[in-house]
Enquirer: 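Here it is: the structure, laid out below.
Each chain gets a letter, A, B and so on, in the order its sequence line appears, and its residues count up from 1. All of these numbers come straight from a predicted model, not from anything done at the bench.
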Protein chains: 2
Amino acid sequence: MDDHKYDALKIENQLCFPLYACSREIIKRYKPFLDEIDLTYTQYIAMMVMWEQREVNVKELGKRLYLDSGTLTPLLKKLESKGLVSRKRSREDERNLIVSLTEEGEQLKERALAVPVRMAGCLNLTPKEAVTLYEILYKLLGENEISAKKE
Amino acid sequence: MDDHKYDALKIENQLCFPLYACSREIIKRYKPFLDEIDLTYTQYIAMMVMWEQREVNVKELGKRLYLDSGTLTPLLKKLESKGLVSRKRSREDERNLIVSLTEEGEQLKERALAVPVRMAGCLNLTPKEAVTLYEILYKLLGENEISAKKE
DNA sequence: AAAGCTAGAGTTGAGTACAATTAAATTTAT
DNA sequence: ATAAATTTAATTGTACTCAACTCTAGCTTT
């Protein structure tokens, strides 16, 4: 007779653990492709927002990436030192720091196109599974925003 | 007319991004519960393996958690300093470091039982969604092992 | 207008992650 | 048996990640 009292404490019965492990494993698969454009994964997703918006402040960027200034400030300084973005305070409200895409950052977009193309072959999910996964993940992220608002 | 050339570089079209964000957001939700037993999330999943096996070497632990010695060595030293595990070299093969659950570590298991109980109410997925998510994530993790073996 | 409050970014410190390297023990090949 | 190759942890260095705190700017309230 097995004792099931502690089953809830088994790794294999966790949902968070495969999420955590999967996230890291997939980011590792990005690495060889990202190395070619000299970006880390976090820098890459920050640049994705920049390529879409050209200009954004730290708060808004943090909201889109679920990251705070503790992570973003050094990351943006790093991207600035690479010449990909510029950082300056907003004229209207000096509290806001405006991050802008530079010409060099804009040019990197062309080379970055290869990344999703090459990653596409790396995830062997059926289109249906990919959509299902996507929907569940955004459902989880969405409810998170609601519970965050409650505070 | 929209230009779709760069669509693959949009955050909203990524699968990895919600995975990465979701993983971190859910780990954040664990924090208040884990604080009560003074464990970080990584320490918690390491302890889960210990509670299941009582004894494990670093390599095997790393395989179960998808972590390497660079992460585990300091983590295990931390758990040792808390008195939850002991670390000693294997008699048969001195290369192996054997991590063992202490009496204190064993006792923590009782208090840890509250963590999954309290987390259960935090993820508002239907049972079906939870199972689907679980299966897709392990499929992704599984294929990763295959591609790792190829090297 | 001064005091208090709020918002946004930056800083600090602890704890991961992980690639690359090192060092010691063991195994394999000659 | 001994040199070479392999295995296992530990170490090093870079880069997050995040809670807690600080600082400054703008807003609010009287």
Enquirer: Please determine whether a side-chain nitrogen or oxygen atom of A/N96 lies at a distance below 4.0 Å from atom OP1 or OP2 of C/dA9.
Expert: yes

Enquirer: Which nucleotide in the list C/dG8, C/dG10, C/dT16 gets nearest to the side chain of A/L97?
Expert: C/dG10

Enquirer: Below 4.0 angstrom, N of the basic side chain to O of the carboxylate: do B/E80 and B/K77 qualify?
Expert: no

Enquirer: Please report the closest heavy-atom contact between B/C16 and A/I27, naming both atoms and the distance.
Expert: SG-CG1, 3.8 Å

Enquirer: Under 30°, 30 to 60°, or over 60°: which ring-plane class applies to B/Y20 and A/Y41, parallel, tilted or perpendicular?
Expert: perpendicular

Enquirer: Do any side-chain atoms of residues 42-51 of chain B form donor-acceptor pairs under 3.5 angstrom with protein atoms, and if so which ones, sequence neighbours left out?
Expert:
residue: B/Q43; atom: OE1; partner: B/T40; partner atom: N; Å: 3.1
residue: B/Q43; atom: OE1; partner: B/K82; partner atom: NZ; Å: 2.9
residue: B/W51; atom: NE1; partner: B/G105; partner atom: O; Å: 2.9

Enquirer: Between B/R89 and B/R95, what is the shortest heavy-atom contact and its length?
Expert: NH1-O, 2.8 Å

Enquirer: To the nearest angstrom, how far is A/I26 atom CD1 from C/dC18 atom C1'?
Expert: 17 Å

Enquirer: Provide a list of protein-nucleic acid N or O atom pairs under 3.5 angstrom, restricted to nucleotides 26-28 of chain D.
Expert:
residue: D/dG26; atom: OP1; partner: A/E94; partner atom: N; Å: 3.1

Enquirer: One thing to verify: whether A/R118 and A/E36 come together as a salt bridge, which I'm taking to mean a side-chain N less than 4.0 angstrom from a carboxylate O.
Expert: yes

Enquirer: Treat each ILVMFWY residue as a node, draw an edge where side-chain heavy atoms are under 4.5 Å apart, and state whether B/Y138 and B/L133 are in one component.
Expert: yes

Enquirer: Taking all non-hydrogen atoms of both residues into account, name the closest pair between A/L72 and A/V58 and its distance.
Expert: CD1-O, 3.8 Å

Enquirer: Taking 4.0 Å as the cut-off, does a side-chain nitrogen or oxygen of B/R87 come that near to OP1 or OP2 on D/dA10?
Expert: yes

Enquirer: Return the value, rounded to whole Å, for the distance between atom NZ of B/K63 and atom P of D/dT7.
Expert: 12 Å

Enquirer: Can you pull out the residues from residues 68-81 of chain B that lie within a 4.0 Å heavy-atom distance of DNA chain C?
Expert: B/D68, B/G70, B/T71, B/L75, B/K78

Enquirer: Is any NZ, NE, NH1 or NH2 atom of the basic residue among B/E110 and A/K5 found under 4.0 Å from an Asp or Glu carboxylate oxygen of the other?
Expert: yes

Enquirer: Pull out every residue in residues 11-24 of chain A that has a heavy atom closer than 4.0 Å to any atom of DNA chain D, ordered by number, or say none.
Expert: none

Enquirer: Do any of residues 42-62 of chain A sit with a heavy atom less than 4.0 Å from DNA chain D, and if so which?
Expert: A/T42, A/Q43

Enquirer: So, B/E52 and B/R64, do they make that salt bridge, N to O below 4.0 Å?
Expert: yes

Enquirer: Under the side-chain hydrogen bond (donor to acceptor under 3.5 Å, both in side chains) test, which residues partner A/E94, sequence neighbours left out?
Expert: none

Enquirer: Under 3.5 Å, is there a donor-acceptor pair linking the side chains of A/N96 and A/N57?
Expert: yes

Enquirer: Measure the distance from OH on A/Y66 to C1' on D/dC18 and round it to the nearest whole Å.
Expert: 17 Å

Enquirer: In terms of hydrophobic clustering (I, L, V, M, F, W, Y; side-chain heavy atoms under 4.5 Å; direct or indirect links), are A/L123 and A/F33 co-clustered?
Expert: yes

